[in-house]
Amino acid sequence: MKKKNKYTDFLNIGLKLLKWYDLNARDLPWRKTKNPYHIWVCEIVLQQTRVEQGKNHYLNFVERFPTVESLSSAEIDEVLLYWKGLGYYSRAINLHKAAQQVMEDFGGTFPDSFSEILKLKGVGKYTAAAVSSICFEEKVPAIDGNFYRVLSRVFADDFDVSSPKAYAYFYELALLIMPEENPGNFNQAIMDLGSEICKPKNPQCEICPIQENCLAYETGKVLEFPVKSKKVKAVDLKLHYYYIMYEDKFLIKQRDDSFIWKKLYDFPESISQELENFVVEEKTVYHKLTHKNLEISISKVILQDKTSFEKYAQKHQLQITDYENSHQKSFPKPLENYLKKTFEN
DNA sequence: AACGCGGGGAC
DNA sequence: GTCCCAGCGTT
């Protein structure tokens with residue numbers, strides 16, 4: 001009997017993954033629902049974010065905003081409060097805008113196809129594919145980091161995944177192995193395989209359901225894939241803040257939606273001459289972001305006079321708050337840490 | 001095509 | 001320290 005070429009038996013790979021998923025799917029909260037609004041929120045939360053990091057944020061978010069209508073009518077500050085600590089804050093801003101988009105452009109009904117979902121702010125091809133396949137059984141591969149890794153290994157393909165053309169390229173590869181039925185499960189199977197088995201480091205090839213279909217495994221080159229050319233360089237950046245206080249109150253402002261920490265709250269970044277004499281100390285904290293090394297110096301300014309404190313706030317359009325109240329706002333991580341340290345002494 | 005955008009976990 | 005994560009928007 002002639003042996004079938006295992007590397008060209010593409011569809012079999014997809015079927016194996018579906019079978020594997022049936023038995024090994026992770027038990028995750030969003031897998032109990034096909035509510036497109038919830039799946040959408042989940043997908044946005046999990047962009048560039050590990051499941052363990054995003055899980056609680058997802059649960060809290062859909063508990064507070066259970067429907068697209070409830071999200072659309074919320075204040076952006078509260079939406080950001082529920083996003084606190086997740087990073088990439090434009091995701092929350094776009095999520096909020098897109099909820100209003102659903103109310104206005106889609107009559108309050110969440111769109112039910114890839115091309116319509118794609119119109120939502122903050123939704124790209126990956127997210128539109130994930131939601132439409134999971135909730136509406138649309139056969140479209142959700143090409144994310146897991147997909148790049150799994151496919152480039154299975155086919156031992158050195159196509160540069162950091163190239164803008166990678167999406168289209170791997171999309172075609174994905175269609176080769178994607179079964180007609182259960183596209184949502186297929187996409188989630190790739191995600192689970194990528195995060196549990198076909199990991200960037202320490203891949204668990206011994207227990208991989210498609211080990212015998214994997215060209216990289218057979219040639220002992222699993223760790224050579226995926227190929228990624230783009231290099232990220234961290235830049236050093238200095239920020240200076242003024243922590244202006246009177247008794248237990250202090251002054252904050254809201255950031256704009258450019259640069260880092262969009263729409264989050266922080267402290268004034270400058271002071272007028274008259275306050276220079278009231279600076280009592282300066283602390284420096286360091287904070288590492290993915291592409292930035294931040295050096296943040298914070299000068300403490302203590303005012304003794306209530307009236308001048310309030311007048312200063314009004315003149316420079318700063319909000320007066322206290323520690324208790326500041327919990328209703330979303331602050332960047334390093335500033336949250338600073339506040340915590342300041343008030344827990 | 002290249003870059004900006006957070007925070008955290010694994011190694 | 002490095003890499004990467006259920007990516008997207010802007011230029």
If you look at every strand shown and take non-hydrogen atoms under 4.0 Å, does [X] touch a base, only sugar-phosphate, or nothing?
| X | value |
| --- | --- |
| Arg255(A) | nothing |
| His57(A) | nothing |
| Thr290(A) | base |
| Phe259(A) | sugar-phosphate |
| Lys121(A) | sugar-phosphate |
| Val45(A) | nothing |
| Trp40(A) | nothing |
| Leu86(A) | base |

Mind checking the P distance from dC8(C) to dG8(B)? Whole angstroms is fine.
22 Å
Suppose you measure atom P in dC3(B) against the same atom in dA6(C); what distance do you get, rounded to whole Å?
24 Å
The nucleotide from dC5(C), dA6(C), dG6(B) with an atom nearest the side chain of Cys42(A) is dA6(C)
Look at the side chain of Arg31(A) and decide which nucleotide, out of dG7(B), dC5(B), dA6(C), has an atom nearest to it.
dA6(C)
In whole angstrom, give the distance that lies between atom [atom1] of [X] and atom [atom2] of [N].
| X | N | atom1 | atom2 | result |
| --- | --- | --- | --- | --- |
| Lys288(A) | dC4(C) | NZ | C1' | 15 Å |
| Asn146(A) | dC3(C) | CG | C1' | 15 Å |
| Leu264(A) | dC5(B) | CG | P | 14 Å |
| Gln48(A) | dC3(B) | CD | C1' | 14 Å |
| Tyr265(A) | dG6(B) | OH | P | 17 Å |
| Asn202(A) | dT2(C) | CG | P | 19 Å |
| Gln47(A) | dC8(C) | CD | P | 5 Å |
| Tyr88(A) | dC4(C) | OH | P | 13 Å |

Checking only heavy atoms, does the side chain of Gln53(A) share a donor-acceptor pair with the base of dG8(B) at less than 3.5 Å?
no
Side chain of Thr49(A), base of dG6(B): donor and acceptor closer than 3.5 Å?
yes
For [N], take OP1 and OP2 only and decide whether either is under 4.0 Å from a side-chain N or O of [X].
| X | N | answer |
| --- | --- | --- |
| Tyr89(A) | dG7(B) | yes |
| Trp83(A) | dG6(B) | no |
| Arg149(A) | dC5(C) | yes |
| Thr127(A) | dA6(C) | no |

Cation over ring face, Lys125(A) and Tyr167(A), 6.0 Å, 45°
yes
Specify the closest pair of heavy atoms between Lys16(A) and Asn213(A), including all atoms of both residues, with the distance to one decimal.
NZ-OD1, 2.8 Å
If you take all heavy atoms of Ser132(A) and Ser113(A), which pair is closest and at what distance?
CB-C, 4.2 Å
Test salt bridge (Lys or Arg N to Asp or Glu O under 4.0 Å) on Lys253(A) and Asp266(A); report intermediate values, then the result.
CA-CA 6 Å; Lys253(A) 65 177 178 63; Asp266(A) 61 1; 2.8 Å; yes
Aromatic rings His316(A) and Tyr312(A): how do their planes relate, parallel, tilted or perpendicular, breaks at 30° and 60°?
tilted
Classify the ring geometry of Phe65(A) against Tyr82(A): parallel below 30°, tilted from 30° to 60°, perpendicular beyond 60°.
perpendicular
How do Arg91(A) and Pro164(A) order along DNA chain B: which one's closest nucleotide is nearer the 5' end?
Pro164(A)
Closest-nucleotide mapping onto DNA chain B: is Lys233(A) or Glu52(A) further toward the 5' terminus? I mean the 5' end.
Lys233(A)
Leu294(A) reachable from Tyr241(A) in the ILVMFWY side-chain graph, under 4.5 Å edges
yes
Heavy-atom nearest nucleotide on DNA chain C taken for Ile143(A) and for Lys201(A); more 5' hit belongs to Lys201(A)
Closest-nucleotide 5' rank along DNA chain C - winner of Trp30(A) and Val123(A)
Trp30(A)
